[in-house]
Engineer: 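Handing you a structure now.
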Amino acid sequence: MIKYKMLLKTFWKALCLCFVLMCSFEVFSQDAQLGVEYLKAGEYEKARTIFQKLAKNKETAKDIYKPYLETLIKLKNWDEAEKFVKRQIKNSESNQAKYLVDLGRLYQATEKKEEAKKNYDLAIDKVKANDDEMIDLVNYFVQQQQTELAIQTIEVSRVFGKSEDKYAVQLANLFRMQAKVPEMIEEYLKFGLATENQEMVQSILQDELKEDKEIEELEKILYAKVQKYPQTSYYTDILIWHLVQKKDFYKAFVQARALDKRYRKEGAQVTELGFMAHQNKDFVNSGKIFEYLIKEYPRHQNYPLWRRMLINAKEEVIKTTYPINQSDIRLLIAEYTKMLEELGTNQRTLEALRSKGLLYAFYLNEKDTAIAVLEKAIKLANTDQIFVDKCKLDLGDIFLLKSEPWEATLLYSQVEKSQKDSPMGYEAKLRNAKLAYFRGDFELSKEVLDILKQATTREIANDAMELSLLIQENTGFDSTEAALKDYSAVELLLFQHRNNEAIAKLVEMEKVYRGNPIMDDLIFLRANIYLKQGDVEKGVKDLEFVIQNFPHDIKGDDALYLLAKTYHEVLNQSTKAMKLYQELLIKYPGSIYSAEARKRFRNLRGDTIN
């Protein structure tokens, strides 16, 4: 019984103590909240009076530390603030680094620079051996907008841990805050080298570097790294990637070639670069790349492919240099023939045979020879249905050249059926739509084109959209559709390489259809023909006519961009070209040519490294 009474007494004492503590905490909470409200309202003296009382207790002082210190700073009561922070440093085992930083801030505010530096250094020294505390302090410095000290914290930790790349991404972000681009790039490169994560670094650099000067800085640093560390392929690989982003394929080739020779890569990376140059229509440098591969690895299994790509690159250069020289075309055919004789006509050389046939058809006007070559290619292809269908599309085009549209549409339709719901099937459908357009059946053509606008390949969708718009724009003006029929007839002449007849027809149309919506299209088309034939003066005159008379029509920005490009690449008048590129950016900010015009303008201005 006595034991029970003693236990009951102890229980009631504990319960009363808990009640007292709860009441005390509630009073503290209310006082602290009131102090915070006074601080928010700008009544700093009232807030100070409340916080000062609460700060006398070691435990409650921790909870009101931030608002009390902020109140004292607002009142510029530096002495009381200093004593309060020092008391916290003395009474606390944790967060001492942050308290030291706050003490440093107080000294800094009162122009005691040496004392401030001493406390900052002490704070950094306390965390250098503990990564979690170090990062916590870095974040605290960032919150206080003391980025330089945050950087110093990581650098001290690096020295202590004997690690040059520790927390490279975090340090790069700090340099980004300070707009220190070279230092930021250096840290990102360190991160990639340490983690062997080149792709991630490339992705980061692509996201972070937007301005031309930043991109130039990256290239400058990478060249320096490649020279300093020639045995480290990491820097060369990133430099190649960067140069490819700029579409500077020759400089990329120089670097890839060096790696290829140093590490005996058997041309793998160089081959990939050659195809990229080819896809981006840099046929001159594509040719240089494949020529290197042929000379360096004559016994490689990819030799037939490289040789065909070299001839094809030469072919593309000749085909885009106007006026086209038929003697050069015959030399190309001779190269294809020699290649086929040396390597044999087989699955690996069928594309070369096909290319040879197309040259006969489209550049020498030897259509029957071309048909014989392509039919031979089809026979040799056996079960390669994709190659067979490519040849059938070519044969359809040749029959169109021969003015045999029914044979053409038969072949196109065969491919449509064979390659249903594939890019080649869509291409066959597009050619059938163009054939209907050439024949003047605009309703059928537009019906097919509107379906193709949803095609999976952007190139086909864009071509379909462009032709559909042309038909739509020029079918409501005249119920007979005479102008569009004449225009489509001209495009068929061009397809058949009867350029002089096409120009004569366009000159005649200009007189007949003045005031017709077709005018901007026909003048722009004629300008393109003149330029391809090398008659630059007439081409420029037609482009200027479109720009002056039809600035708001569909061909307005096309004409301005082509004129700027002509002054840039053909007439070598950089100042005039710059002015025209700038005019396009101002007049047509939403044009599909805006990005390329901006890039060319900056290059001419000298913004990028040559």
Side-chain angles (χ1 to χ4, degrees), residues 89 92-105 108 116-211 214-215 217-242:
I89 294 171
S92 301
E93 292 181 6
S94 61
N95 286 332
Q96 283 201 341
K98 289 184 180 179
Y99 292 139
L100 287 165
V101 169
D102 288 338
L103 191 57
R105 287 170 58 214
Q108 195 170 342
K117 183 179 183 305
K118 180 182 176 182
N119 280 276
Y120 291 144
D121 289 345
L122 277 171
I124 293 169
D125 191 63
K126 277 188 175 295
V127 302
K128 68 183 180 184
N130 186 307
D131 284 355
D132 291 337
E133 290 180 5
M134 185 269 291
I135 287 298
D136 196 33
L137 185 61
V138 167
N139 292 332
Y140 193 61
F141 275 131
V142 172
Q143 289 169 18
Q144 307 299 330
Q145 296 183 330
Q146 293 177 297
T147 314
E148 194 60 48
L149 289 168
I151 291 170
Q152 185 184 330
T153 304
I154 294 178
E155 288 176 340
V156 168
S157 178
R158 278 183 172 182
V159 172
F160 179 81
K162 296 178 181 178
S163 171
E164 292 184 2
D165 48 42
K166 187 178 181 180
Y167 293 103
V169 171
Q170 289 84 344
L171 194 51
N173 284 328
L174 294 171
F175 284 129
R176 178 174 52 79
M177 291 178 192
Q178 293 187 325
K180 292 183 176 178
V181 176
E183 291 85 349
M184 177 187 76
I185 292 170
E186 288 279 1
E187 291 302 322
Y188 281 135
L189 292 176
K190 281 182 186 178
F191 166 72
L193 184 61
T195 61
E196 297 182 351
N197 204 333
Q198 181 183 320
E199 286 186 10
M200 184 180 287
V201 170
Q202 288 170 186
S203 179
I204 291 170
L205 292 171
Q206 197 163 28
D207 289 339
E208 292 287 353
L209 307 180
K210 302 295 184 186
E211 299 296 323
E214 296 172 345
I215 295 168
E217 191 63 49
L218 171 63
E219 188 168 333
K220 180 181 173 183
I221 289 169
L222 287 171
Y223 271 116
K225 293 287 186 187
V226 168
Q227 289 177 357
K228 189 174 181 180
Y229 306 105
Q231 301 305 317
T232 305
S233 64
Y234 165 76
Y235 294 114
T236 308
D237 283 333
I238 293 185
L239 178 57
I240 292 168
W241 163 81
H242 165 70

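None of these values were measured; they are calculated from a predicted model.
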Engineer: Can you tell me if Gln202 and Gln198 form a side-chain donor-acceptor pair at under 3.5 Å?
Structural biologist: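 Judged by distance alone, the side chains do pair up.
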Engineer: Which atom pair, heavy atoms only, marks the closest approach of Val127 to Met134?
Structural biologist: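 Nearest pair, atom of Val127 first, then Met134: O-CB, 3.5 Å.
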Engineer: Step by step, would you call Lys118 with Asp121 a salt bridge (charged side-chain N to carboxylate O under 4.0 Å, His left out)?
Structural biologist: CA-CA 5 Å; Lys118 180 182 176 182; Asp121 289 345; over 6 Å; no
Engineer: Which heavy atom in Leu174 sits nearest to a heavy atom in Thr147, and how many Å separate them?
Structural biologist: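 Shortest heavy-atom contact: O-CG2, 3.7 Å.
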Engineer: With sequence neighbours left out, write down each residue that passes ring pair (Phe, Tyr, Trp, His ring centres under 6.0 Å) with Tyr120, or none if nothing qualifies.
Structural biologist: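 With sequence neighbours excluded, Tyr120 shows a ring pair (Phe, Tyr, Trp, His ring centres under 6.0 Å) to no residue whatsoever.
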Engineer: Taking atom NZ of Lys162 as the centre, does the number of heavy atoms from other residues, nucleotides or ligands within less than 6.0 Å exceed 12?
Structural biologist: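 Not more than 12 within 6.0 Å, no.
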Engineer: Could you check if a side-chain atom of Ile151 sits within less than 4.5 angstrom of a side-chain atom of Glu183, using non-hydrogen atoms only?
Structural biologist: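 Counting from C-beta outward, Ile151 and Glu183 never come under 4.5 Å.
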Engineer: Closest heavy-atom contact between Val142 and Ala150?
Structural biologist: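 Closest approach of Val142 to Ala150, heavy atoms only: CG2-CB, 4.1 Å.
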Engineer: Can we say Lys180 and Glu187 salt-bridge, meaning some charged N sits less than 4.0 Å from an Asp/Glu carboxylate O?
Structural biologist: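 A salt bridge is absent here (no side-chain N lies under 4.0 Å from a carboxylate O).
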Engineer: Does the pair Asp102/Arg105 count as a salt bridge with the N-to-O cut at 4.0 Å?
Structural biologist: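 Here Asp102 pairs with Arg105 in a salt bridge, since their nearest N and O are under 4.0 Å apart.
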Engineer: Counting only heavy atoms from other residues, nucleotides and ligands, does the tally under 6.0 Å from CD of Glu164 exceed 12?
Structural biologist: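 Open.
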Engineer: Check this for me: does any side-chain nitrogen of one of Lys98 and Glu133 sit under 4.0 Å from a carboxylate oxygen of the other?
Structural biologist: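 Judged by the 4.0 Å cut-off on N to carboxylate O distance, Lys98 and Glu133 do not form a salt bridge.
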